[in-house]
There are 2 protein chains.
Amino acid sequence: MATPLPRDPIADARLNWERHGWSDVAAPMAAITAIMRTQQILLARIEGVLKPFGLTFARYELLALLSFARSGALPMNKASALLQVHPTSVTNAVDRLQQAGLVLRSPHPTDGRTTLIELTPEGRTLAKRATAALNSEVFAQSGFAEHDVDQLIGILGTFRRNAGDFSE
Amino acid sequence: MATPLPRDPIADARLNWERHGWSDVAAPMAAITAIMRTQQILLARIEGVLKPFGLTFARYELLALLSFARSGALPMNKASALLQVHPTSVTNAVDRLQQAGLVLRSPHPTDGRTTLIELTPEGRTLAKRATAALNSEVFAQSGFAEHDVDQLIGILGTFRRNAGDFSE
DNA sequence: TCCAAACCCTTGGATGTCCTAGTATATTGC
DNA sequence: GCAATATACTAGGACATCCAAGGGTTTGGA
């Protein structure tokens, strides 16, 4: 981001909403807009850290997911469900990771429809290094106070449950 | 999203982080991941409401911004700064909005480098209708408790200021 | 048994975002 | 006044995401 703006554009938008008689929804509008912008900032930081590893966030997420799987392999549909992205996005990420030699596709032993994604040794190593970088350069300096982190986890957890992400 | 997962995937990721000895950054990691996922859910809802209007969120944001400008016109660089997106994204959005007859490009009266984006009457009308739809179908049913909305606005406002979005 | 319905993955198309350059216009400094 | 620098927008390319559609595999009910 170049120069900071003199005023918070989201607070201004909220004022505009109130001025137009939409006071009842101005606050949620501001909160939602703030979430969008915060995501954008965080994503940019993460991508910046991952770039030297030749990874994007989407590819990193898949690599990290595989590295936590007991066998180091997962069916594509499982990965799609856990990462909560469209199956085509997983196909895309696997294509590129495979081309980079970080994962392999292998047939499912009993279900001919299913493809397993498997971490290569190089993939496992890179996942470790990238995770260490993200931990120290992004998560350890998130810019959120400790108490705010807990608040966010609680508020967004409730939201995600209500949105149907998970049952428990 | 199809079926809810039996368990919260982000809580699981946090447990994995703790199991690997990264307890100190597990909470911020979970908070950041939750923000990413929440943004994805909200964006999908918004796009769903805007689709019948032939708008995407990016185009709507630009339309809404123009509708609040006194003159109904803004320089492209101003729009880029206020929406906090790359100038090329604004070019892209303006191209499509212009093709749909919702905005016009006009030369800046004194600065030959600058292009003004101007709302057409159709653009203004559509912005109003789309805003009404978003207000009633998304913002009025955000899924956040009133108290949580205030928490989010505060926490994310501080974050955005620290990230250099605005000074005040 | 067997065929229709369900499921899994991929391809192709549309959008949006960013980055890097390139062109045109303004501003600054000598 | 003129050259060097800065600013504004756009073109082209890389990625990611989603949707719609297609081809192969499994499952389940008639």
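Please read these numbers as outputs of a predicted model, since none were measured by experiment. In the text below, chain A, chain B and the rest are named by the order of the sequence lines, each starting its count at 1.
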Angle class for the B:Phe68/A:Trp17 ring planes (parallel below 30°, perpendicular above 60°, tilted otherwise)? tilted

Rounded to the nearest Å, what distance is computed from the CZ atom of residue A:Arg105 to the C1' atom of nucleotide C:dT10? 9 Å

Distance in Å, B:Leu82 CG paired with B:Leu74 CG, rounded so as to fall on 0.5 Å steps: 7.0 Å

How many whole angstroms separate atom CE of B:Met76 from atom C1' of C:dT25? 16 Å

In whole angstroms, the gap separating P of C:dG16 from CD of A:Gln39 amounts to 16 Å

Rounded to the nearest 0.5 Å, how far does CD of B:Gln39 lie from CD1 of A:Ile32? 11.5 Å

Quick check for you: among D:dC9, C:dC8, C:dT17, whose closest atom lies nearest to any side-chain atom of A:Gln40? C:dT17

Please state how far atom CG in A:Leu83 lies from atom P in D:dC18, giving the value in whole angstrom units. 11 Å

Mind checking the CG-CG spacing from A:Leu126 to A:Leu63? Nearest 0.5 Å is all I need. 6.0 Å

Give every pair of a protein N or O atom and an N or O atom of nucleotides 20-24 of chain D that lie under 3.5 Å apart, one pair per line with the distance.
none

Is there a donor-acceptor contact under 3.5 Å from the side chain of B:Thr120 to the main chain of B:Leu102? yes

B:Arg160/A:Asp8 salt bridge by N-O under 4.0 Å criterion: yes

Ion pair A:Lys51/A:Glu47, N-O distance below 4.0 Å: no

Atom CD of A:Gln84 to atom C1' of D:dT17: distance rounded to whole Å? 15 Å

Any chance you could measure A:Phe166, atom CZ, to B:Ile10, atom CD1, to the nearest 0.5 Å? 8.0 Å

Based on the rotation axes of five pairs at each end, what angle does the helix from C:dT1-D:dA30 to C:dC30-D:dG1 bend through, to 10°? 10°

Check: protein-nucleotides 13-16 of chain D nitrogen or oxygen pairs below 3.5 Å:
unit_1 : atom_1 : unit_2  : atom_2 : d
D:dC15 : OP2    : A:Arg96 : NH1    : 3.4
D:dC15 : O3'    : A:Arg59 : NH2    : 3.3
D:dA16 : OP1    : A:Thr56 : OG1    : 2.3
D:dA16 : OP1    : A:Arg59 : NE     : 2.9
D:dA16 : OP1    : A:Arg59 : NH2    : 3.4
D:dA16 : OP2    : A:Arg59 : NH2    : 3.1
D:dA16 : OP2    : A:Arg96 : NE     : 2.9

What is the distance, to the nearest angstrom, from the CZ atom on B:Arg45 to the P atom on D:dT17? 20 Å

From NE2 of A:His108 over to P of D:dT27, roughly how many Å is that when rounded to an integer? 11 Å

Rounding to an integer number of Å, can you tell me how far B:Arg37 CZ sits from D:dT17 P? 12 Å

If you find the nucleotide of DNA chain D closest to B:Lys51 and the one closest to A:Thr110, which residue's nucleotide is nearer the 5' end? B:Lys51

Residue closer to the 5' end of DNA chain C, A:Thr91 versus B:Pro87 (nearest nucleotide): A:Thr91

Is B:Asn77 near enough to D:dC9 that one of its side-chain N or O atoms lies under 4.0 angstrom from OP1 or OP2? yes

Within a reach of under 6.0 Å around CZ of A:Arg7, are more than 12 heavy atoms found that belong to other residues, nucleotides or ligands? no

Between B:Gln40 and B:Arg37, is there a side-chain donor-acceptor contact under 3.5 Å, judged purely by atom types and distance? yes

Which heavy-atom pair separates A:Val25 from B:Asn135 by the least distance, and what is that distance? CG2-OD1, 3.3 Å

Are B:Leu116 and B:Leu104 connected, step by step, through hydrophobic side chains (Ile, Leu, Val, Met, Phe, Trp, Tyr) whose heavy atoms are closer than 4.5 Å? no

Looking for any heavy atom pair under 4.0 Å, which part of the strands does A:Asp111 touch: base, sugar-phosphate only, or nothing? sugar-phosphate

